[in-house]
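Here's the structure we're looking at; comments come further down.
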Amino acid sequence: MDRKLTLNIIKIYLLVFFQSAMVITAIYVPLLQSYGLTMTEVMQTQALFALTVAIAEVPSGYLADLWGRKNTICCGAALCGLGFASLCVADSYWEFMVYELILGIGMSL
């Protein structure tokens with residue numbers, strides 16, 4: 001197999017590993033509670049994430065056909081990075097909802 005293709009496979013595995021690891025998940029609930037969110041609000045942010053991923057799955061396949069698989073994956077990774085960057089400055093319920101929305105779209109791509 002071509003060396004370039006082998007490197008692409010390794011890159012995809014690394015990308016999937018780091019996205020699936022979701023290191024933030026272990027501290028997400030205590031983080032949001034430290035900002036004064038109730039458990040109801042925490043679960044609402046998680047529900048928004050799940051709903052966003054579910055809704056964005058079909059358009060993500062269309063975008064992969066339109067832009068190409070690699071470009072769509074890069075766009076999704078960039079959105080995940082933007083989402084995690086927004087988490088650094090978020091301190092209210094609606095800012096955490098925006099974080100979950102951006103992250104949901106990024107994960108679906």
Please report the interatomic distance CG(Leu32) to CG(Asp91), rounded to the nearest 0.5 Å. 11.5 Å
Can you hop from Leu87 to Val89 via hydrophobic side chains spaced under 4.5 Å? no
Check the hydrophobic clustering (I, L, V, M, F, W, Y; side-chain heavy atoms under 4.5 Å; chains of links allowed) and say if Ile10 and Phe17 are grouped together. yes
Taken to the nearest 0.5 Å, the spacing of Leu37 CG from Met97 CE works out to 9.5 Å
Any heavy-atom pair between the side chains of Phe49 and Tyr99 that's under 4.5 Å? no
Do Met39 and Leu48 sit in one hydrophobic cluster, given that two such residues count as connected whenever their side-chain heavy atoms are within less than 4.5 Å of each other, even indirectly? yes
Going by chain and number, the hydrophobic cluster around Leu51 (ILVMFWY, side chain to side chain under 4.5 Å) further includes Ile55
Walk me through it: do Asp65 and Thr72 pass the test side-chain contact (heavy atoms from CB on, under 4.5 Å)? CA-CA 9 Å; Asp65 290 340; Thr72 306; over 6 Å; no
Are Cys75 and Trp67 packed together at the side-chain level, in the sense that at least one heavy-atom pair is separated by less than 4.5 angstrom? yes
Treating Ile, Leu, Val, Met, Phe, Trp and Tyr as nodes and any side-chain heavy-atom pair under 4.5 angstrom as an edge, say whether Trp94 and Tyr35 lie in one connected cluster. yes
Do Leu82 and Leu103 have side chains that get closer than 4.5 Å, going by heavy atoms? no
So CD1 of Ile73 and CG of Asn71: to nearest 0.5 Å the spacing works out to 9.5 Å
For the atom pair NZ (Lys70) and CD1 (Ile12), what is the distance rounded to the nearest 0.5 Å? 9.0 Å
Do Leu109 and Leu66 land in one hydrophobic cluster if side-chain heavy atoms of ILVMFWY residues count as linked below 4.5 Å? yes
Determine the minimum heavy-atom distance between Gly106 and Cys80, stating which atoms define it. C-SG, 3.6 Å
Using the side chain to side chain contact (heavy atoms under 4.5 Å, CB included) criterion, which residues pair with Val98? Sequence neighbours excluded. Ile102
Under the side chain to side chain contact (heavy atoms under 4.5 Å, CB included) rule, collect the residues that match up with Ala90, sequence neighbours excluded. Glu95, Phe96
Residues pairing under side-chain hydrogen bond (donor to acceptor under 3.5 Å, both in side chains) where one sits in residues 37-64, two or more places apart or in two chains, turn out to be Tyr28-Thr45, Gln44-Tyr93, Gln46-Glu100
